[in-house]
Amino acid sequence: MPYPLIDTHTHFDDFVFDEDRIDLATSAYDSGVRHLLLIGYLAKYFDRMRQTQQQLEKAESDLALPKVYLASGLHPAYIAQHTEADLAQLANFLQSYPHVAIGEIGLDTFTDELKTDKSVAKQKRFFIAQLDLAIQHQLPVLLHIRKAHADCLAILKSHNYNAHKLGGIAHSFSGGEQEAKAFVKLGFKLGVTGQITNTNAKKLRRAIAAAVETYGIECLVLETDCPDMTPVCCQQGDEPTRNVPGNLNFVLQSLSELLGVSEEVLAKQLWQNSCDALRVDWAYPV
């Protein structure tokens, strides 16, 4: 039997799943996934997230499917598209529907366009505004950080958002060893994706191992980030292969091998870590 898992980060509302979402959700359940989060990135897709949640909740009356939860936010990589009205829409959406987190939010200077002074200033403003919303609603945040770990840490340290109290996840962590430890020290869990299955991802694997050496396996959670971050074993040919929630068990397997911890022990601890990061009390299936 597969071990029970929580997928802490998906974009399962994406249109690429429209044709077979129910079948994929059934397969995910069969592979152990019991809960999954739908993560926001653009305000225009908030309603799509809610519709996807309703679609899966309706199908759950006849099928065994993962429970689905909302985590809405304004993604920093799309900062050029975000407006003040989007922040207001986010605030209204948080007020209108139950959420388990706000995300994905943060800073991204991966491209030349994103690293301009104007872009970074706007990203920081929207990041802080969403941290304020997290405090207002007493919700954890799901961080998106690319090439901006130091700036993100600086904002978190100066802001009164407290991950030790509210929880939070550094989604798809991509920093180095010291940065990994810094985020865990602030109270965040590190999100581990299918990237961990790539043995050539030496920096990532060292960072995860270093964080665990210092803080134990209590500092990690699993995520697919589907349809992205497909595990190596699931990729087909040279074209990008769509990732699905049912692939989460491959992330568990690779992490187990990397850390030298049995899948059974790791799965149970990762479940608890996810609950701690999201400040929920989901019973571990037995």
Side-chain angles (χ1 to χ4, degrees), residues 6-9 76-77 101 103-111 114-115 120 123-124 127 131 140-159 161-164 166-225 228-233 248 250-263 265-267 269-274 276-278:
I6 297 171
D7 193 342
T8 63
H9 201 108
E104 52 193 285
I105 69 175
L107 301 175
D108 192 324
T109 62
F110 188 67
T111 67
L114 288 170
K115 69 175 65 168
V120 170
Q123 285 186 53
K124 289 181 177 179
F127 183 26
L131 288 173
V141 296
L142 311 177
L143 301 174
H144 170 99
I145 318 154
R146 281 198 306 180
K147 302 292 185 180
H149 290 83
D151 282 348
C152 189
L153 283 167
I155 288 174
L156 290 167
K157 288 176 180 178
S158 64
H159 198 277
Y161 176 90
N162 186 341
H164 288 289
L166 294 180
I169 297 170
H171 147 65
S172 186
F173 185 77
S174 61
E177 296 177 31
Q178 297 308 313
E179 292 159 336
K181 294 177 185 178
F183 279 97
V184 177
K185 187 176 181 180
L186 284 180
F188 290 91
K189 307 296 185 187
L190 305 179
V192 181
T193 70
Q195 288 180 307
I196 204 72
T197 68
N198 182 358
T199 55
N200 291 324
K202 293 182 172 56
K203 175 186 172 185
L204 169 65
R205 291 165 68 88
R206 284 197 303 267
I208 296 301
V212 169
E213 184 178 358
T214 301
Y215 293 100
I217 57 175
E218 292 80 6
C219 70
L220 306 177
V221 298
L222 297 185
E223 54 178 271
T224 56
D225 197 20
D228 301 318
M229 304 297 182
T230 307
V232 171
C233 60
L248 193 63
F250 296 115
V251 183
L252 173 68
Q253 291 170 13
S254 287
L255 188 60
S256 170
E257 293 169 3
L258 173 67
L259 301 178
V261 178
S262 74
E263 290 181 35
V265 170
L266 192 56
Q269 185 62 55
L270 289 166
W271 182 284
Q272 185 59 53
N273 298 348
S274 301
D276 292 344
L278 299 170

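Between K181 and T214, the shortest heavy-atom contact is CE-OG1, 3.3 Å. Heavy-atom minimum distance, F188 versus G167: CE2-O, 4.4 Å. Closest of all the heavy-atom pairs between T8 and S274 is CG2-OG, 3.6 Å. Annotation for L114 and T109: closest pair CB-CA, 4.1 Å, computed over non-hydrogen atoms. Minimum heavy-atom separation, A163 to L186: CB-O, 3.3 Å. Closest of all the heavy-atom pairs between V251 and V192 is CG1-O, 3.6 Å.
Looking only at side-chain heavy atoms (C-beta outward), I155 and L107 come within less than 4.5 Å of each other. Side-chain contact between L131 and L156 is present, with at least one heavy-atom pair separated by less than 4.5 Å. With a 4.5 Å cut-off on side-chain heavy atoms, L220 and L266 do not count as touching. For the pair V232/F250, no side-chain contact is recorded, criterion being any heavy-atom separation below 4.5 Å from C-beta on.
Contacts classified as salt bridge (Lys or Arg N to Asp or Glu O under 4.0 Å) and involving residues 190-213 (residues at least two apart or in different chains) are given here: E177-R206. Within the structure, every pair that satisfies the side chain to side chain donor-acceptor pair (under 3.5 Å) test and touches residues 141-152, not counting sequence neighbours, is listed here: H75-H144, E104-H144, D108-H144, D108-R146.
Under the ring-ring contact (aromatic ring centres under 6.0 Å, His included) criterion, H171 pairs with H9, not counting sequence neighbours. Every residue meeting the side-chain contact (heavy atoms from CB on, under 4.5 Å) condition with A201, not counting sequence neighbours, appears here in chain and number order: N198, L204. By the side chain to side chain donor-acceptor pair (under 3.5 Å) test, Q178 is found to be paired with no residue, residues two or more places apart in sequence or in another chain being considered. Take S172 and apply the side-chain contact (heavy atoms from CB on, under 4.5 Å) test, not counting sequence neighbours, and it matches T193, Q195, E223, M229. For L166, the side-chain contact (heavy atoms from CB on, under 4.5 Å) partners two or more places apart in sequence, or in a different chain, are I135, Q138, Y161. Take T224 and apply the side chain to side chain donor-acceptor pair (under 3.5 Å) test, not counting sequence neighbours, and it matches D7. For A180, the side-chain contact (heavy atoms from CB on, under 4.5 Å) partners are F173, L190, A207, A211, not counting sequence neighbours. Under the salt bridge (Lys or Arg N to Asp or Glu O under 4.0 Å) criterion, K115 pairs with D112, sequence neighbours left out. Take D276 and apply the side chain to side chain donor-acceptor pair (under 3.5 Å) test, not counting sequence neighbours, and it matches Q272.
If you take OG1 on T230 and CG on D225, they are separated by 9.5 Å, rounding to the nearest 0.5 Å. One distance of note links CG of N273 with CD1 of I217; it measures 7.0 Å at 0.5 Å rounding. Taken from CD in E257 to OG1 in T199, the straight-line distance is 10.5 Å, to the nearest 0.5 Å. Between L222 atom CG and L248 atom CG the span is 5.0 Å, to the nearest 0.5 Å. The distance from atom CD1 of I6 to atom CH2 of W271, rounded to the nearest 0.5 Å, is 4.5 Å. One finds the CZ atom of F183 at 6.5 Å from the CG atom of L143 (value rounded to the nearest 0.5 Å).
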*Carefully, step by step, assess V221 and L278 under the rule side-chain contact (heavy atoms from CB on, under 4.5 Å).*
CA-CA 11 Å; V221 298; L278 299 170; over 6 Å; no
